[in-house]
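All of these numbers come straight from a predicted model, not from anything done at the bench. Residue numbering restarts at 1 for every chain, and letters A, B, ... go by the order of the sequence lines.
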Amino acid sequence: MSDPREKPDTPGFGASVVPEDPQSVLDHQLFHLKALYEASSALAVPVTPGDILKTFLRVTMGPLGLAFGFGIVLHVDELTVESIGLEQLVVDQYRKTGFNLVHKFFPGDRPTPTRPEPAILVGEHLRFDPNLPEGTSAVIGISMSEESHAVLGFGPKISGEPYSTEETELLQSLVSILAVTLKKSHAAGCIRDLNTALKKKNERIQQALAESELAQEDLARHAFELQALYETTLELTDINAPEAMLDTFVLSLMGTLSYASGWIGLYGPDRDHAEVAYRGPDPEAPARLDSAKGREAVLAQFVALKDRMPQANHSCLLEDDASRAALPAEADVAVLFALDHGWQGAIGLSAPLSPGTGEPRLDKERKRLLLSLVGTFMVALGNARQLHMIREMNTELAARNRELQATLDELTSAKHEIDVQTEAKERIVGLVHGEVDRVWRASWRDVGLILLAGLALGFLFNFSSPEGIRIIPESLTAPPTATVDALEAERLTRTGKAVIIDARPGDFFIIGHIPGAINLPEELFDFVYSMKLSELEPDVPLLVYGRTISRHYDADVARELILLGHEHVMLIDGGLSAWEDAGLEVAK
Amino acid sequence: MIECLKKLLSNPWLALGFRLYIGGLFIYAAMYKINYAAEFSTTIASYRLVPYWAVNGLAVFMPWTEIICGALLVLGVRVKSAATIIIGLLSVFTVAIVVNILRDAPISCGCFHTLEDPISWWTVLRDLSWIGMTLHIYHFDRLFQTDQLFLGKLRRIES
């Protein structure tokens with residue numbers, strides 16, 4: 001098959017019919033222009049490729065007087081086949097195999113032109129092409145885009161004449177109009193498809209928006225519920241007293257669920273254990289709730305629930321109108337709940353604040369919120385009760401601790417006392433042992449004590465007694481007396497200028513003394529002095545001697561003599577020993 | 001015979017007799033010295049064994065020690081300690097007497113009075129006998145000891 005895009009040159013099978021006169025030429029041109037105008041007008045209306053093809057075949061075959069014509073438009077995978085003058089069997093076959101014919105014209109490996117450029121192929125050889133209907137005289141290929149192509153075929157003229165040059169040019173012009181129309185149709189189809197897709201998308205967006213709004217509302221409701229739960233939890237957490245918690249929770253429930261009246265009755269295992277909170281217009285409701293009848297009315301609802309009776313730390317919505325009416329206070333909404341240790345109670349809400357709805361009940365979401373709030377309340381109440389119990393236990397423990405501490409202090413004191421007594425006993429026993437042992441032996445301590453006692457008593461007695469003596473001898477502290485050596489003493493004696501006095505006791509004097517010496521012991525001083533020395537002149541030198549390691553007799557006597565007025569009292573240095581050592585005579 | 005002699009010599013009653021005798025003797029001797037401290041000072045000085053600055057102090061201290069020891073012996077309190085001091089005092093006296101006998105010092109003992117016979121070997125023998133008696137007391141005395149009676153009661157209380 002020939003390339004359809006080949007520029008159709010002069011049709012091979014039709015000689016050009018040249019009009020012989022200008023009027024005829026003008027008539028032909030007018031005819032062609034009218035055909036083109038009609039084609040343009042006709043093709044401006046249809047929108048689908050099928051209608052365009054039908055219209056195009058009609059407006060083309062008529063002016064040209066063709067036997068048949070067909071058109072195949074392939075857009076993506078959609079095949080449109082239209083024909084005029086062909087048998088229905090052939091048309092049906094093209095409906096099935098039209099893809100092949102189009103793909104033979106447009107293999108797909110060629111670049112798509114920016115503009116639809118139709119290619120017209122005419123010639124005798126087309127008559128016998130097996131892919132084309134028999135007698136086909138012209139084939140036209142149009143490519144709109146990579147995926148949109150059209151193939152058209154026309155049969156011979158009815159007159160049997162070949163296509164003239166003018167007819168071929170007319171056909172080419174018509175095909176150009178068709179190409180533009182198909183391109184527009186294709187574009188319109190694309191726009192239509194896009195519009196349809198956009199519309200669908202818009203619908204989906206609208207649907208998603210509606211869903212989003214619903215989700216937002218749902219989210220807002222959940223947020224409200226969570227906020228309500230959070231605030232209720234926060235309020236209840238700050239309260240430690242169970243009584244105050246009941247009142248706070250009633251107010252919180254009324255505010256959250258928009259009710260003007262609410263109450264809570266909490267009943268312990270004993271009859272006198274009841275805690276009530278009421279907020280509403282009925283002044284007698286608190287008394288009814290707190291009464292034994294109120295208690296029985298609430299607890300009766302627990303019994304009536306039978307298997308659905310809430311267990312510890314669980315709650316149950318009271319749905320039955322008769323059951324709610326039996327409660328001790330008005331309740332459009334009522335919840336029964338149970339705590340640990342046999343505590344049970346009921347919560348009631350009445351008089352909704354949104355009368356416009358006319359529905360005092362709660363919807364599903366608000367019921368869930370109510371039960372969640374009640375759950376929070378039960379947890380907080382349980383915690384408060386536990387805290388209360390812990391505090392009581394702590395107080396009790398503190399009291400016991402104080403008692404134990406007091407007992408411990410007493411025991412410690414007693415132990416300390418026992419220790420002290422034990423230590424004292426051990427010391428006494430040790431002392432007794434020591435004393436007993438000491439009695440049986442000589443103790444240096446006893447010896448020391450006896451000597452110390454003797455010393456103390458002796459000195460004490462001596463100081464207190466008028467007969468006491470000087471502990472330190474006077475000669476130790478008195479000023480020294482003048483001395484004279486033995487030879488000088490002997491010279492003074494020999495010249496008769498001095499008197500020698502022996503101050504020692506008489507027994508010593510008898511044993512030996514300086515010749516001419518007068519024995520003047522201190523104990524006989526007054527007597528001997530008055531007898532022998534009182535007549536002496538004060539200026540007569542008195543030479544005194546006599547001292548031992550234990551007593552300075554000479555110094556003592558010399559001091560006495562000086563006191564009596566003797567001016568020249570001297571001690572013989574070395575005493576009798578010096579005298580003897582000097583080789584002087586000693587009287588015995 | 002020897003056993004009898006030993007038994008006699010170790011007899012606690014004999015020790016009690018010695019104790020009362022020596023105790024009384026020291027009390028008696030101290031009485032005079034306490035009242036006449038100046039004279040006793042002269043007696044100590046006559047022995048010429050004590051430095052002159054200590055003579056008066058010794059004259060005041062010694063009689064009271066003697067009288068305390070004598071009293072303890074008589075009362076039976078701290079007998080061994082008192083006997084130890086008495087033995088010491090008698091030993092000092094004996095040595096002092098011996099020294100002065102050897103010096104031919106013309107002094108009296110001064111044990112009881114200022115005026116007594118001069119010291120002699122008899123004086124030494126007398127003091128030695130007193131030392132013997134005190135030693136006997138130290139070793140054998142166990143009767144009528146007051147503090148033992150008292151402490152015996154304490155021991156019974158303890159047990």
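For the pair Ser41(B) and Ile469(A), the minimum side-chain heavy-atom distance is below 4.5 Å. The shortest side-chain heavy-atom distance between Cys69(B) and Ile450(A) falls under the 4.5 Å cut-off.
Heavy atoms from other residues, nucleotides or ligands lying under 6.0 Å from CD1 of Ile472(A) number 12 at most. Residue Phe144(B) places its CZ atom among 12 or fewer non-hydrogen atoms of other residues, nucleotides or ligands, all under 6.0 Å distant.
Within residues 85-100 of chain B, the residues having any heavy atom under 4.5 Å from a heavy atom of chain A are, by residue number, Ile85(B). Listed by sequence position, Tyr52(B), Trp53(B), Val55(B), Asn56(B), Gly57(B), Ala59(B), Val60(B), Phe61(B) are the residues of residues 52-61 of chain B in contact with chain A, using a 4.5 angstrom heavy-atom cutoff. Listed by sequence position, Thr548(A), Ile549(A) are the residues of residues 538-549 of chain A in contact with chain B, using a 4.5 angstrom heavy-atom cutoff. Contacts of residues 506-528 of chain A with chain B at a heavy-atom distance below 4.5 Å involve Asp507(A), Phe508(A), Ile511(A), listed in sequence order.
The candidate with the highest count of non-hydrogen atom pairs below 4.5 Å against chain B, out of Gly468(A), Gly458(A), Ser465(A), Ala456(A), is Gly458(A). Comparing Ala453(A), Ser550(A), Gly454(A) by how many heavy-atom pairs each has under 4.5 Å with chain B, the most go to Ser550(A).
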Test side-chain contact (heavy atoms from CB on, under 4.5 Å) on Arg78(B) and Leu449(A); report intermediate values, then the result.
CA-CA 11 Å; Arg78(B) 299 290 190 273; Leu449(A) 283 173; over 6 Å; no
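Remark: the backbone N or O of Ala442(A) is not paired with any side-chain donor or acceptor of Thr84(B) at under 3.5 angstrom.
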